[in-house]
Amino acid sequence: MSKGTFSVTTPIYYVNAAPHLGTAYTTVAADTVCRYQRMNGYDVAMVTGMDEHGQKVADTAEGKGMSPQAWCDSMEPAFREAWDLLDIRYTDFVRTTEPRQARTVQKFWTDLYEKGWLYKGSYEGWYCVHEETYYAENDLEKNEDGEYVCPDCKRPVQLMSSGEENWFFKLSEFQEPLLKFYDEHPDFILPTTRRNEIVTFVKGGLKDLSISRSTFDWGVPLPFDEGHVAYVWADALLAYATGIGYADPDRADEFAARWPYKYHFVGKDITRFHCVIWPAMLMAAGMPIPEHIFGHGFLLTKGEKMSKSKGNGVMPSDLVNIFGVDAYRYYFMSDVQFGHDGNISMERMVQVYNADLANTWGNLCSRVFNMTKKYFARQVPAAKPDAAANPLKPIADGLYAKFDACMENVDFTGAAAAVQELAGAVNHYVEDSAPWNLAKDEAKADELAAVIYNALESIRIIALFMAPLMPNTSAEVFRRLGLGDIDEIVDIESAAAWGQLPAGNPVEIGDPLFPRLDVDAINLD
């Protein structure tokens with residue numbers, strides 16, 4: 001029986017260029033949580049997609065000599081292929097140019113219009129097209145030419161003073177309700193550093209938000225005022241609702257069961273939209289607010305944020321070609337503490353790969369499988385429980401609680417470390433038990449069987465908990481142990497109970513799971 005619903009989103013990604021390591025980082029994190037919670041008995045939904053409207057997209061398309069729609073259509077394969085490459089299992093992929101998204105946007109903003117949360121007015125202020133954001137003059141910086149530039153992307157901003165009339169959302173009225181909500185839900189914004197930033201920002205005062213544009217038409221038309229289209233953030237945030245059935249009569253039960261989301265995973269640069277504007281919109285609509293918004297850090301190379309616009313972003317496929325998809329996923333989840341900026345390098349990736357995967361997990365499987373072949377004709381031995389000391393069972397018995405707590409706190413590094421603790425213990429156990437010596441003495445046949453069984457059973461349990469991080473490797477380990485489809489596990493706590501590896505199961509050797517790598521032999525050029 002399902003424990004209930006568990007729903008997660010990534011951001012709805014801009015289509016200005018193909019996914020890079022930063023967008024992949026968020027998406028792999030969401031997928032890792034979702035894979036675990038499926039194994040943990042939840043009915044999981046994961047929503048991702050493409051943010052296709054707004055001035056920035058229109059400008060990008062024009063620069064490519066294409067219509068906005070043609071440009072967006074050309075980018076869809078890049079995103080879907082990237083997520084397929086990384087074994088991302090999303091349940092819905094929302095494009096903001098889809099008719100269903102238009103229905104969501106129009107229904108939501110019409111509701112707020114009818115409830116009196118919108119008014120028409122003109123706006124004068126500094127606008128950054130790249131960030132799709134207005135800034136107060138005292139928030140801006142100046143470049144070496146004395147021009148005002150965006151404090152986030154450092155590009156020149158435009159003074160929007162045409163007198164254009166827009167529809168405004170009464171965001172300023174939500175300052176105190178938001179602060180009260182943050183106080184009552186201290187884990188709404190994660191990690192704590194992000195929460196402190198947002199609380200400080202909101203205490204500084206909120207201005208009403210322009211939610212429409214009339215100077216261009218690349219957006220969802222607002223039904224209550226012809227000629228106005230929804231501002232890009234007033235559109236994109238609502239894709240989260242579209243992804244689980246909002247405004248779709250055929251999915252009304254699904255929406256009721258899944259709203260609100262458990263987690264939104266976003267980069268720290270867009271937390272204001274998700275932690276201020278989004279909950280205020282939902283308060284105005286009378287809708288529950290998502291449980292957690294996690295603003296993770298940036299991936300840095302030589303201290304700089306990896307970004308498509310700077311041209312220093314290595315593509316996920318470049319690294320997958322070197323490490324394989326599972327090792328790629330493992331590195332970014334285990335070595336980069338989620339929530340903090342992470343300095344990444346090829347040298348560090350190879351170091352983690354060789355230490356954790358080649359030398360520990362992969363080597364463990366190779367050694368124990370080969371000894372099973374040598375001493376037990378490739379079959380799991382029948383072991384008498386008391387034939388040998390078993391220091392592994394207590395570690396294995398405590399693994400679910402440790403791993404589950406880490407995943408609940410979105411601590412991927414801690415989760416990986418908990419599994420590696422057992423893997424390391426098994427390697428030491430094999431060394432200390434010395435099966436090669438036990439095999440020389442027929443009187444110790446029961447002890448030998450127990451040692452090999454304990455090692456194989458530990459490998460089975462490690463594979464279970466590695467599966468959210470490295471799904472293909474765990475599926476392969478299960479196959480080599482003569483077990484069923486690991487994807488069918490829906491109660492990992494029960495599945496991880498000690499002693500479930502059947503005696504007599506055939507054990508297959510196979511190629512090394514993670515051949516060692518030499519960093520000097522790797523060339524990305």
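No experiment lies behind these values; they were computed from the predicted model shown.
Among residues two or more places apart in sequence or in another chain, the side-chain contact (heavy atoms from CB on, under 4.5 Å) test is passed with Glu291 by Lys262. Looking at residues two or more places apart in sequence or on another chain, you find a side-chain contact (heavy atoms from CB on, under 4.5 Å) between Arg80 and Glu76, Tyr90, Phe93. With sequence neighbours left out, the ring pair (Phe, Tyr, Trp, His ring centres under 6.0 Å) criterion links Phe216 to no other residue. Scored by the salt bridge (charged side-chain N to carboxylate O under 4.0 Å, His left out) test, Arg38 finds no partners at all (sequence neighbours excluded). Taking Phe412 as the reference, Phe338 meet the ring pair (Phe, Tyr, Trp, His ring centres under 6.0 Å) condition, with sequence neighbours excluded. Shown here are the ring pair (Phe, Tyr, Trp, His ring centres under 6.0 Å) partners of Tyr263, two or more places apart in sequence or in another chain: Phe265, His292. Qualifying salt bridge (charged side-chain N to carboxylate O under 4.0 Å, His left out) partners for Asp225, counting only residues two or more places apart in sequence or in other chains: Lys120. Partners of Asp487 under the salt bridge (charged side-chain N to carboxylate O under 4.0 Å, His left out) rule, at least two apart in sequence or in another chain, are Arg89. Scanning for side-chain contact (heavy atoms from CB on, under 4.5 Å) contacts around Lys115 gives Asp111, Trp117, with sequence neighbours left out. By the side-chain contact (heavy atoms from CB on, under 4.5 Å) test, Asp404 is found to be paired with Tyr36, Asn40, Tyr400, residues two or more places apart in sequence or in another chain being considered. For Asp59, there are no salt bridge (charged side-chain N to carboxylate O under 4.0 Å, His left out) partners two or more places apart in sequence or in a different chain.
In this structure, Trp83 and Phe79 have perpendicular ring planes: the angle between them is above 60°, well past the 30° mark.
Sequence neighbours left out, the pairs with a member in residues 273-286 that pass side chain to side chain donor-acceptor pair (under 3.5 Å) are Tyr240-His274, His264-Trp278.
Among Thr26, Thr48, Thr23, Asp31, the one residue that satisfies the side-chain hydrogen bond (donor to acceptor under 3.5 Å, both in side chains) test with Thr10 is Thr48.
Aromatic ring centroids of Phe168 and Tyr119 lie under 6.0 Å apart. Aromatic rings of Phe181 and Phe188 (six-membered ring for Trp) have centroids within the 6.0 Å cut-off, being under it.
Summarising the geometry of Gln101 relative to Ala239, their closest heavy-atom pair is OE1-CA, 3.3 Å, with the distance given to 0.1 Å.
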